[in-house]
Peer 1: 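Quick one: this structure, given as structure tokens, is what I'll be asking you about.
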2 protein chains.
Amino acid sequence: MYMSSGRLTSLDRTPLYRIVKQQITDALREGRWKHGQKIPSEPQLARRYDASVGTVRKAVGELVAENILVREQGRGTFVRTHGRDYMLNVFFRIVGSDGGHELPVVTLLSMRRARADRVTAGELRLKSRAPVFDIETLLTLDGEPAILDRMRVPTQLFPDLDESGFKRREGTVYGFFQDRYGITIVRADEFITAVSADDRTARLLKLTPGEPLLRIARTSYTYKDVPVDSRVRLVSCARHGYLSTLGKA
Amino acid sequence: MYMSSGRLTSLDRTPLYRIVKQQITDALREGRWKHGQKIPSEPQLARRYDASVGTVRKAVGELVAENILVREQGRGTFVRTHGRDYMLNVFFRIVGSDGGHELPVVTLLSMRRARADRVTAGELRLKSRAPVFDIETLLTLDGEPAILDRMRVPTQLFPDLDESGFKRREGTVYGFFQDRYGITIVRADEFITAVSADDRTARLLKLTPGEPLLRIARTSYTYKDVPVDSRVRLVSCARHGYLSTLGKA
DNA sequence: TTCGATTTGTTCGTATGTATT
DNA sequence: TAATACATACGAACAAATCGA
């Protein structure tokens, strides 16, 4: 029966599968199911949320389409983990001119506590001059310095972050956020322009000053569109570029 | 019944909904259902392909997710048309620094028949030196020249293309391809680098030579990953940039 | 304006296939 | 082998939007 369950009234026309999806997302945001973990089976979820298996499948299907859950036949459904492969394919769009897609080697240049400037505060939805970490790294590709990265994250989200822990991490920065703080990045917006290399950037990337670079301003978000980090990358285009796909997934 | 229909054998494990999806895509590629047109209702498709409505819905749902079909409750399912709004949101990723998203005004600079160079031929999957149209346009945003665009398309796909027809068109280039030749662009790949403006480009974009520009190399595809056009855009970053979203749709 | 037919959207249920443990 | 979990497929009922009589 459709109306007889009493869940839908004339004021609340949200479909049941959206409500279930919302509940699952809430559980994820609150850390009740952690990354990599198996979530309850579809019949179990159906009982828990008082819905049919088909309805649960529709909710889960949308979360799979959004790269938040992963289904594995015969095993179960799992919370997406930001392994190297996933990062490489989804959040790292810089590829070689020859099409090669390799993971960068990261060197920490500096890490300090600072206060958010107006632009950063706006992007991270913080008050102006809110405390942030300001982290600068150099990324090398194919043995050559290629990317200068400056990242700002709210101190509040990563209270005990320190240089040694950050340096000792295995894997990507987003993987570290996930393993150490349970924060999963699910989406990022990037605004890309071209700029000329200033002296310092040219020296670090081993270029001549004035050479054209890609400037990528990224803001990343976790569940529920909560911003996590704001960063600016300067990319040498000598042997690399940015790959974007439009249209279908 | 599942196996009793006799469609699935041990050698052919393609799910029925994939076969239905394939059949619909074939009809689209062959132009049997044209853009903007209503396709048969779900019960009709179910009868035609000897499947249940639920199975047809799954096939159609994937094509909707891929931006190929559009469902409208109470009206029917339609072949996606590349209206201005759709183009603006999906295939035109250049936005103002202030976030404004406006449609460019296009001026034709030149249009001639030529032969594909090696790179272009590779991207369009043509033989080297195959005949192509070579079209150069200048795009203005906010009244200022902002983008220099050089496009190559196979002569074979657009046999009677001529300058006056191209200039007289209404709407976007992809809309023109669709209205005039029944060719719908469903996907595009873009490879983005930063370059310095040469003298001619600087003059056309009203910049000083050497200024950094975005260089966007795009290849676009219609159904079944058939390439349609290969283009290079040079974008002034004075007041604009390229917007990319990573992660979920 | 109302009414009925059509079409997609949501929800439930059942059975069976396929992969994993 | 048996149990479990997701995948595919079918069918039924009702909701909601649209459109024409």
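These numbers come from the heavy atoms of this one structure, side chains and all, not from hydrogens, waters or symmetry mates. Being a predicted model, the structure only gives us computed values, none of them experimental. Chain letters run A, B, ... following the sequence lines, proteins first and then strands; every chain starts at 1.
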Peer 1: Quick check for you: among C:dT10, D:dA9, C:dG13, whose closest atom lies nearest to any side-chain atom of B:Arg57?
Peer 2: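 Of the candidates, C:dT10 comes closest.
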Peer 1: Expressed in angstrom and rounded to an integer, what is the separation of B:Lys21 atom NZ from D:dA9 atom C1'?
Peer 2: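 Rounded to the whole Å, the gap is 17 Å.
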Peer 1: Kindly state whether the ring of B:Tyr174 and the ring of B:Phe91 have centres lying under 6.0 angstrom apart.
Peer 2: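 Yes, ring centres under 6.0 Å apart.
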Peer 1: Got a sec, which residues hit side chain to side chain donor-acceptor pair (under 3.5 Å) with B:Arg231, two or more places apart in sequence or on another chain?
Peer 2: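 With neighbours one apart ignored, the set is B:Asp149, B:Asp229.
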Peer 1: Under the side chain to side chain donor-acceptor pair (under 3.5 Å) rule, collect the residues that match up with A:Asp162, sequence neighbours excluded.
Peer 2: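 A:Ser164.
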Peer 1: Mind calculating the distance between OH (B:Tyr49) and P (D:dT8) to the nearest angstrom?
Peer 2: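 Nearest whole value for this atom pair: 19 Å.
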Peer 1: With sequence neighbours excluded, tell me which residues meet side-chain contact (heavy atoms from CB on, under 4.5 Å) with A:Lys34.
Peer 2: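 side-chain contact (heavy atoms from CB on, under 4.5 Å) list for A:Lys34, sorted by chain: A:Gln37.
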Peer 1: Grab the CG-C1' distance between A:Leu16 and D:dC14 for me, whole Å please.
Peer 2: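 Between C1' of D:dC14 and CG of A:Leu16: 15 Å.
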Peer 1: Identify, with sequence neighbours excluded, every residue that meets side chain to side chain donor-acceptor pair (under 3.5 Å) alongside B:Arg29.
Peer 2: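 So B:Arg29 forms a side chain to side chain donor-acceptor pair (under 3.5 Å) with B:Asp26.
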Peer 1: How close or far is atom P of D:dA5 from atom CG of A:Leu69, stated in whole angstroms?
Peer 2: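 In whole Å, D:dA5 P lies 16 Å from A:Leu69 CG.
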Peer 1: Partners of B:Asp85 by side chain to side chain donor-acceptor pair (under 3.5 Å), sequence neighbours excluded?
Peer 2: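 Counting only residues at least two positions away or on another chain, B:Asp85 forms no side chain to side chain donor-acceptor pair (under 3.5 Å).
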Peer 1: When you get a sec, tell me which of D:dA9, D:dA7, C:dT10 is the closest nucleotide to the side chain of A:Arg71?
Peer 2: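 The answer is D:dA7, which lies nearest to the side chain.
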Peer 1: So, is B:Arg13 close to the C:dG17 phosphate, meaning a side-chain N or O under 4.0 Å from OP1 or OP2?
Peer 2: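 The answer is no; no side-chain N or O of B:Arg13 sits under 4.0 Å from OP1 or OP2.
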Peer 1: So which protein nitrogen or oxygen atoms get under 3.5 Å of nucleotides 5-7 of chain C's nitrogens or oxygens?
Peer 2:
{"residue": "C:dT7", "atom": "O2", "partner": "B:Gly74", "partner atom": "N", "Å": "3.3"}

Peer 1: For the pair made of OH in B:Tyr17 and P in D:dA7, what is the distance, rounded to whole Å?
Peer 2: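 Between P of D:dA7 and OH of B:Tyr17: 9 Å.
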Peer 1: A:Lys58 side chain N/O closer than 4.0 Å to the phosphate oxygens (OP1, OP2) of C:dT11?
Peer 2: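 No, outside the criterion.
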